[in-house]
Amino acid sequence: MASYEWHPCSRNYVLEREGTAMAPAPAASHPLKAITVTEVKKVDRKGAGTPPTGKAAPKPSAFVDPLSMADPLSISLDFDGSDPLSMMMKEGNTTAVSGKSSRSGSVKKSDSDTQSGEDVLDDSFEPWSFKKAAILAKYTTSEKLSITTSFLSTSDQERVVIKTQSQAQVGSVSDKVKNRLEQLDDFEEGSVKEMLNLSQQDYVKRIEELNQALITAWDNDHRVKALKIAIQCSKLLVDVSVIPFYPSKFVLVTDILDTFGRLVYERLLDKAQTSLPGTSRPHRLSANFTAEEVPEAAKETCRNWFFKIASIRELIPRLYVEAALIKCYKFLNTGEYTEALERLTMMTRGVGDPLVAVYLRCYLCRIGIQVAPRFRNHIPTCFEDFISTFHLVQGECVQNTLAIQKVEMPRYLSLFCPGLDFILQCVAHRASEEELGHTLERCRTGCNNALMINSIMSAFQPQYIAQRAITFTEMIRECEDTGLPKHTLYRTFGLCLVVAETPEDQQLAVLNEVWKIVVKLKNPADYISCAEVWIEYVVKHFGKRELSTILGDIIKHMTPDRAYEDFYPQLQSVVTKILAHQHDFSLLFSLEKFLPFVDMFQKEAIKVEVCKNIFESFSKHQTTPVNDPVVINAMMFLGRIMHDSVDALTLEDEKRVVGNLLCSFVRQVHFGRDFEQQLSFYVESRAYFSNLDMVLIALVHSVNNLSIETRKILKGNHSRKTAAFVRACAAYSFITIPSLQSVFSQLQLYLISGQVALLNQCYSQADAFFKALISLIPDLPRTLDVADSKSRTSEPFLVDFLYGFISTLLVTPDNPDSGVMYLLRGLLNVLQDYTWDPSSDGRVLIYTRVLAMLSAACQETYPYRVDKVDSNDSMYGCDPKFVSELKAIANTVIGEILGHLKTISTPEFGKRQSTLVLEVISVLMSSADLGQASMVGLVTQLWGLAQKHGQADVKTLKKLQAYAKSQGSRGVPGFQALLPKLTVN
C-alpha cells in the first residue's frame, strides 16, 4: 500500500450527541405486560372448532394456563382441565400386590368408574395405598410360614402335605349352577395342599404367584378358578399362627381381593355395554349410571356372582369376597351399597379373634370409603364394635395363643395399629369437634388404652386436639400404656400441637405437664424422639429462657456416653425446627446453650451441614444489616467450620454452595458510618476465608464499594484522614487479588479496583493496579472451562476485557516521570508478544479500539472524564509534542493492522478479511482526519481490498456509504472527495 500518515479528526462530542440523540416518546404499552389472547374458540368435544351457528363469537379473553383451567374455553386444545399426574396417582392406588400392575394394560378405567370417593375425600385423607409400604416394612417375621392352596408349582412338592383326598366324583349333571357349587365344594373338601416352612420372602413370592394365577385364570375365562383363588386367599386371613406377620399378610391378601373385585366389576360393565339382543347398536351406560340402565342379562350375571359368594360356608372368606365385590351391587339396585355395608358390618360380630376382626372391619371401611364415601353409618359401628370387644385381648384363647407363640402383650397390641388407625381415620374424616368429644368419652369408658389414644390423635384434626390439650394430657397420664409406651403418645401429641394453635391459657400448663415426664426418660432414644418434636412447640410459643432450658436439658441427656453420636438426624431436626421459627439471630446466638448444642455434632460432615442450615436461614430471613458483635462472632465461628471443610477433593458444586453462603453473610454485615470497623471486619474475613475465591472476590468488591461510599459522603473532597483510608482500601485489594486462583478474576478485579482508586484520586494506586493488570495478560490461560466439561478459547474474553481497559486509559492521567501514554505503550508491547490464535483477529480488533482511543486523546475535550481527576486533555491541552507522540503510536498500530491483513489476503480467507477491513474502515472514517490525502488514499485502498474477493457484506458497505454521504453533506473535510471512490461492486 502507498505511504500514509495518520491524523486525528477534530470532534465536538457535545454536538454529536445532540445530533444523534433520539427524541423520547411515551410507550404505547408496558413492554413486560402479559400477552393476551385475541381469539378464543369454544372447542366442540366431537371435534368442531367453531362456535355453534347462531351464537355470538366469544369476546377476547386473557390468556388462561391450560394446566390450571377447568373451562370449556380452550386455545386450540381439547383439554378438560384435569391434571394428568393426579389422575395417574388415583389410578395407581388400585395396583396389585407389591405395587405390580395387574393385567399389564388389559384393564382400562371405564367411564362409570369416575364416580369414586375422590369427589368427597379431601387431601387430609391419606389413602390406604400410601400406608401399605410402611406396614410391609414394619411388620416382619423370621419365623416359618405356611400357605394353604391348590395351585402349586412342581418345584414346591417337597414342602407339600396333602390335607384330604376328594371323595366326590362329579357325574353327569345337567344343572350348571349345581355343577359350579360342587366345584366350590371340591375346593373346600379336597385337593387342597399346605406348603410348610416358608420364609417371609418365599411367602410373599407365593402370594404374588397366586395374584398372577388369578389374573391368568381370568384372562383364560376360567371364572370359577379365579373365584377359588380369591376364596383361598381370604382363608389365609383366618390363620394367626404367626401373629407378628398378620398386618403384612392382610396387605398382601387384600391386594389380591381388590384385583378380583376390579376384574368382576369390569366384566359386568363390559357385559352391560354389549349390543342389545336383535340389534347391532351397542348399549352404552352413562358415566354415573343407575341400575335402571343395566340390561337384565348383566343383572343376572351379577346375581350369579353373589349367589356363588353366598355359597361359601366359612364366614370370614364369605365376608371378604363379598366386600371385594361390593361395588358390583351398583348393577342391581341403586343404594344397595348402604344395606350391604351395614349387613356385613353386623356380620363381623361373629368373628371371635379380636385381631382378625379389627382388620376385617378395616377392610369394610376401606371398601366403603371407596364405593360410597358419603355413607358413613357403618364406620361408627365398626369403631364401637372394636371398643366393645377389646376386652377379648385378655381372654383365655388369645392369651394361650400368645403364650404358644411367645409374643408379649405390648407387641401383640401394636399389631392392631394399622387397622385401628384406618378405622379412626374414616371416623375422623370431616368430623366435627363434637365427634372428637364423643370418641374421647367412649374411649375413657370402654378402652382407655395408649393404643386407642394414639390412634385418635393421629386421626382427628390437629386443631381439635390442640383445643383439648389439657384433656389429652390427663388422658395420657391416666391411660394404660400396654401396647405403646407413653413417650410415643407424647410424641404424637406434640406433632399435633406444633401444627395447630394451642389456647394461650393452656400452653404453659401443657408444656409443664409433658416435660416433667419427658425429662425423666432414661433411654436416649425415647427422650430425643420426644424432644425433637416438643422443641418446635417451645420455640413457637415461648421465649429465650424456656428455649435455653430445653436445649440445656437435651445436652444433659445426650452427652453421657457420647449418646449424641447415635442421634445426629434427630439433633439436626432440632436445629432445623429452631431455625424455622426463630429468625432473630441476636436472640438465637445470645442463648447460652445454642453454640454448645452445635458443638455436639462431632462428625465433620454433619457439623458442616448444620452450619449450612444456619447460614441458609440467616441469608433468607436476615433482611436488615447486622452489626451485633455477638451475631458476627458466632457466624464467623460457624463460617470457619464450613470454610475449613473445603479441600482439594471438594466438589466444585460444594465449594460454590459454601462460597455463596459466606458471601451472603459478608454482604449483610454493615457498621453504618464506621468505615474503619467495616474495613477491619473485611480484613478478619479475609484471614478466615482465604481458600475460597468466591469469598475473596466478594470481599474485594465490598472494599471497593466502601471506598465509593466514602467518596459519596465527602462528594470527592477527601481530607487527609479519608485519603489515607481509601488508600488503605486500595492496598487491601492490591494484596488480596494475587491470592486468587483464577487469572480471569484477577484481571477483572485489577481493572475495577484501579478505576475505584482513580475515582478517589489515588493516582499511584491506580497506576499500580493497571501495571499489574498488563503484566498479568501473558499468564492468561488460552482456554476457558464452560458447562458440561467443555472448553473454549479465552481470546473473546480478552478482547472484550481490553475494550473496557482501553476506554479507562483515555481518562487515566500520565505519570510525568514515565512518558506519554506509558500504560498504553506497555499494553501494546505485551500484545505484540502475546501468542494469538492463528485463526483469530482479536489483536487487530483491539488495535482498532486503540486507534479510536488515540483519536479521542488528541481532542481538546474528552468525551467523558472522572470527577476531580485531571486527565491528559487538562494536562497537555493538545500540545503538539503530545499529539505527535500519539500519531506515532497510531501509525505503528496501523502498520500492525495492515501487516495482519496481508497474512489473510488469500481467497480462502476472503470473508474473514473483508469483515476485518470493513471494521478498520469504520474506525478510520469516524476517528481519522480524511482531509489528509494520505488518509483518503488509505481508506480507498482498504475499500478496494474489502471487495477484492467479492465476499464483503453488502449491507455494511451501504451503511458506510450512507455515513460518508451524511458527513459530506455536513461539510466534514475529506468526505466529499472520498464519496465517489466508495463504490459497491
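Values below: every heavy atom of this structure, side chains too, minus hydrogens, waters and symmetry copies.
Taking the centre of each ring, Y834 and W836 come in below the 6.0 Å mark. Here Y864 and Y13 keep their ring centres 6.0 angstrom or further from each other. The distance between the ring centers of Y750 and F770 does not fall below 6.0 angstrom.
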I'd like to know whether E654 forms a side chain to side chain contact (heavy atoms under 4.5 Å, CB included) with V646, so could you lay out the CA-CA distance, the side-chain angles of the two residues, the decisive distance to 0.1 Å, and finally the verdict. CA-CA 8 Å; E654 178 69 12; V646 175; 5.6 Å; no

May I have the step-by-step check of side-chain hydrogen bond (donor to acceptor under 3.5 Å, both in side chains) for S874 and S871, ending in yes or no? CA-CA 6 Å; S874 300; S871 300; over 6 Å; no

Stepwise, does the side chain to side chain contact (heavy atoms under 4.5 Å, CB included) test hold for E5 with N891? CA-CA 7 Å; E5 182 178 357; N891 288 329; 4.1 Å; yes

side-chain hydrogen bond (donor to acceptor under 3.5 Å, both in side chains), that's the test. Do Q951 and S914 meet it? Break it down for me. CA-CA 7 Å; Q951 300 185 44; S914 63; over 6 Å; no

Decide yes or no on side chain to side chain contact (heavy atoms under 4.5 Å, CB included) for L957 and Q947, but give the supporting numbers first. CA-CA 9 Å; L957 291 171; Q947 301 184 79; 4.0 Å; yes

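Of the possible polar contacts, one joining the Q678 side chain to the F671 backbone as a donor-acceptor pair under 3.5 Å is found. Remark: side-chain polar atoms of S794 are not paired, donor with acceptor, to backbone N or O of F797 under 3.5 angstrom. The backbone N or O of A857 lies less than 3.5 Å from a partner atom in the side chain of Y862, making a donor-acceptor pair. The backbone N or O of S926 lies less than 3.5 Å from a partner atom in the side chain of R11, making a donor-acceptor pair. In this structure a side-chain-to-backbone donor-acceptor pair under 3.5 Å is missing from N705 to H701. With hydrogens and angles ignored, the 3.5 Å screen pairs a side-chain donor or acceptor of D647 with a backbone N or O of T650. Using a distance-only test at 3.5 Å, with no hydrogens or angles considered, a donor-acceptor pair links the side chain of D693 to the main chain of Q741. With hydrogens and angles ignored, the 3.5 Å screen pairs a side-chain donor or acceptor of S807 with a backbone N or O of Y803. Side-chain N or O atoms of H643 include one that pairs as donor or acceptor with a backbone N or O of Y688 at under 3.5 Å.
By the 6.0 Å contact criterion, NZ on K959 is open, its count of non-hydrogen atoms from other residues, nucleotides or ligands being 12 or less. The local environment of CD in Q832 is crowded, with over 12 non-hydrogen atoms from other residues, nucleotides or ligands closer than 6.0 Å. In this structure, K620 places its NZ atom where only 12 or fewer heavy-atom neighbours from other residues, nucleotides or ligands lie under 6.0 Å away. Dense packing is recorded around OH of Y963, with more than 12 heavy atoms of other residues, nucleotides or ligands lying under 6.0 Å away.
Contact detail for H718 and N760: the closest heavy-atom pair is NE2-OD1, 2.7 Å. In plain terms, the two heavy atoms of M642 and V658 that are nearest each other are CB-CG1, 4.0 Å. When all heavy atoms of S753 and I737 are compared, the pair lying nearest together is OG-CD1, 3.8 Å. Scanning both residues, S927 and S855, for their nearest heavy atoms gives O-OG, 2.8 Å.
Between R865 and D873 there is a salt bridge, since a side-chain N of the basic residue sits under 4.0 Å from a carboxylate O of the acidic one. Salt bridge annotation for D644-R640: present, with a cationic side-chain nitrogen under 4.0 angstrom from a carboxylate oxygen. A salt bridge does not link R673 with E709: every distance from a Lys NZ or Arg NE/NH1/NH2 to an Asp or Glu carboxylate oxygen is 4.0 Å or more. Taking the charged nitrogens against the carboxylate oxygens, R782 and E795 have no contact shorter than 4.0 Å, which rules out a salt bridge. Ion pairing between R711 and D867 holds under the 4.0 Å rule for side-chain N and carboxylate O. Look at R825 and E885 and you find a salt bridge, because one of the NZ, NE, NH1 or NH2 atoms lies within 4.0 Å of a carboxylate O, short of that distance.
Atom CG of L758 and atom NZ of K868 lie 13.5 Å apart (nearest 0.5 Å).
When side chains are defined from C-beta on, C858 does not count as touching K887, because their heavy atoms never get closer than 4.5 Å. With contacts defined as side-chain heavy-atom distances shorter than 4.5 Å, the pair Y876/V883 does not qualify. When side chains are defined from C-beta on, I752 does not count as touching S733, because their heavy atoms never get closer than 4.5 Å. Residues M875 and N872 have side chains in contact (heavy-atom distance under 4.5 Å, counting atoms from C-beta outward). Counting heavy atoms from C-beta outward, K612 and F615 have side chains that stay 4.5 Å or more apart. At least one side-chain heavy atom of W6 sits under 4.5 Å from a side-chain heavy atom of L854.
Shown here are the side-chain hydrogen bond (donor to acceptor under 3.5 Å, both in side chains) partners of S664, two or more places apart in sequence or in another chain: S619. Residues passing the side-chain hydrogen bond (donor to acceptor under 3.5 Å, both in side chains) test with R792: none are found, sequence neighbours excluded.
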